[in-house]
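Throughout, a chain's letter reflects where its sequence line sits, starting with A, and its residues are numbered from 1.
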Amino acid sequence: MISGKRYWLMKSEPDLFSFQDLKRRKHTRWDGVRNYMARNYMMHDMKVGDLVLFYHSNSNPSGVAGIARVSALAAPDESAFDSTSPYFDERSTPQNPRWFCVEVKYEDDLPSFVSLNEIKKQPQLKNMILLHNSRLSVQPVTATEFKLIRELARQNRVTSGALR
DNA sequence: GCCAACGTTGGC
DNA sequence: GCCAACGTTGGC
């Protein structure tokens with residue numbers, strides 16, 4: 001168990017499911033995660049109310065697109081039971097589920113997109129897991145990191161406004 | 001589309 | 001339980 005961490009970053013490929021999709025749909029099960037570390041964070045550490053940076057991966061540009069919030073605790077990932085799903089895993093059964101996922105809901109727009117490039121430029125963000133384990137799709141962020149990214153999004157908007 | 005990084009699988 | 005082979009993620 002991790003104590004005191006209440007902020008997360010979750011990756012999604014926007015071609016498959018974007019922040020705008022979440023905003024339209026209001027909430028979604030974070031299904032399809034097939035990595036044990038990411039699963040364990042969802043199963044054991046994520047609590048209802050935790051805030052989430054919704055990150056667009058495999059994208060041009062990649063970066064943080066908006067804010068979400070955990071809206072339900074982890075439950076068995078139904079997509080693993082569905083033989084027609086790309087996330088099907090025959091080793092996971094309703095009697096003995098292997099994969100779990102939380103539900104997240106749309107929380108807030110960011111004043112602007114915060115690209116991976118901008119994150120890399122911030123000395124205060126150099127310890128983010130994002131920059132050191134690019135493979136982990138669900139990861140904790142500190143309160144400081146979360147707030148700084150929100151601040152960057154605000155600054156971006158001010159800057160681009162001033163240039164107009 | 002390439003490929004580095006790294007998680008997973010399975011033979012031994 | 002090691003580790004080589006393989007598959008996947010994700011930045012560029």
Side-chain angles (χ1 to χ4, degrees), chain A residues 1-2 5 7-23 25 28-46 50-68 70 74-104 106-107 109-142 144-146 148-153 155-156 159-160:
Chain A
M1 275 295 275
I2 291 172
K5 282 221 173 70
Y7 299 91
W8 305 93
L9 181 147
M10 299 175 91
K11 295 180 187 175
S12 183
E13 299 194 25
D15 290 347
L16 300 176
F17 190 82
S18 70
F19 183 67
Q20 290 70 30
D21 292 328
L22 178 67
K23 188 174 182 177
R25 201 192 288 188
T28 189
R29 275 275 157 197
W30 205 264
D31 58 11
V33 171
R34 298 291 177 266
N35 169 288
Y36 289 104
M37 204 179 298
R39 179 203 69 175
N40 290 343
Y41 282 131
M42 289 199 284
M43 265 181 91
H44 304 306
D45 299 312
M46 294 179 88
D50 290 359
L51 286 168
V52 175
L53 299 171
F54 193 116
Y55 181 89
H56 282 178
S57 63
N58 237 312
S59 181
N60 190 18
S62 293
V64 178
I67 308 291
V70 177
D77 182 340
E78 303 278 333
S79 69
F81 311 144
D82 175 2
S83 63
T84 67
S85 165
Y87 305 124
F88 176 64
D89 183 350
E90 62 184 4
R91 301 166 301 179
S92 187
T93 63
Q95 293 72 33
N96 189 17
R98 177 177 295 222
W99 303 112
F100 287 74
C101 57
V102 296
E103 184 192 82
V104 304
Y106 167 79
E107 176 70 15
D109 290 336
L110 280 174
S112 73
F113 186 85
V114 180
S115 70
L116 176 60
N117 244 334
E118 296 170 79
I119 292 172
K120 284 181 178 169
K121 284 185 203 158
Q122 291 294 321
Q124 291 162 277
L125 297 178
K126 69 175 194 300
N127 290 324
M128 284 189 76
I129 293 167
L130 183 69
L131 305 182
H132 298 103
N133 181 358
S134 66
R135 310 283 308 276
L136 187 60
S137 66
V138 176
Q139 54 187 260
V141 303
T142 67
T144 308
E145 289 162 350
F146 187 92
L148 188 56
I149 284 174
R150 263 199 153 154
E151 186 51 37
L152 284 176
Q155 287 170 14
N156 275 350
T159 306
S160 60

### Summary
Rounding to 0.5 Å, atoms CE (Met128(A)) and CD1 (Ile149(A)) come to a distance of 4.0 Å
### Task
Examine Trp99(A) together with Tyr36(A) and report whether their ring centres are nearer than 6.0 Å.
yes
### Summary
chain A vs DNA chain C, heavy-atom contacts under 4.0 Å, first-to-last nucleotide span, 5' to 3', is dG7(C) to dC12(C)
### Query
Can you tell me if Asn96(A) and Thr93(A) form a side-chain donor-acceptor pair at under 3.5 Å?
no
### Query
Can you tell me how far the CD atom of Glu103(A) sits from the CH2 atom of Trp30(A), to the nearest 0.5 Å?
12.0 Å
### Query
Can we say Asp31(A) and Arg29(A) salt-bridge, meaning some charged N sits less than 4.0 Å from an Asp/Glu carboxylate O?
no
### Gap separating the CZ atom of Phe17(A) from the NE2 atom of His56(A), nearest 0.5 angstrom
9.0 Å
### Query
Got a sec? Which of residues 124-135 of chain A come in under 4.0 Å of DNA chain C, heavy atoms?
Ser134(A), Arg135(A)
### Query
By side chain to side chain donor-acceptor pair (under 3.5 Å), which residues pair with Ser134(A), not counting sequence neighbours?
none
### Message
Pick the closest DNA chain B nucleotide for Asn58(A) and for Asn35(A) by heavy atoms, then say which residue is nearer the 5' end.
### Response
Asn58(A)
### Message
Could you check whether Asp77(A) and Ser79(A), counting side-chain N and O atoms only, form a donor-acceptor pair closer than 3.5 Å?
### Response
yes
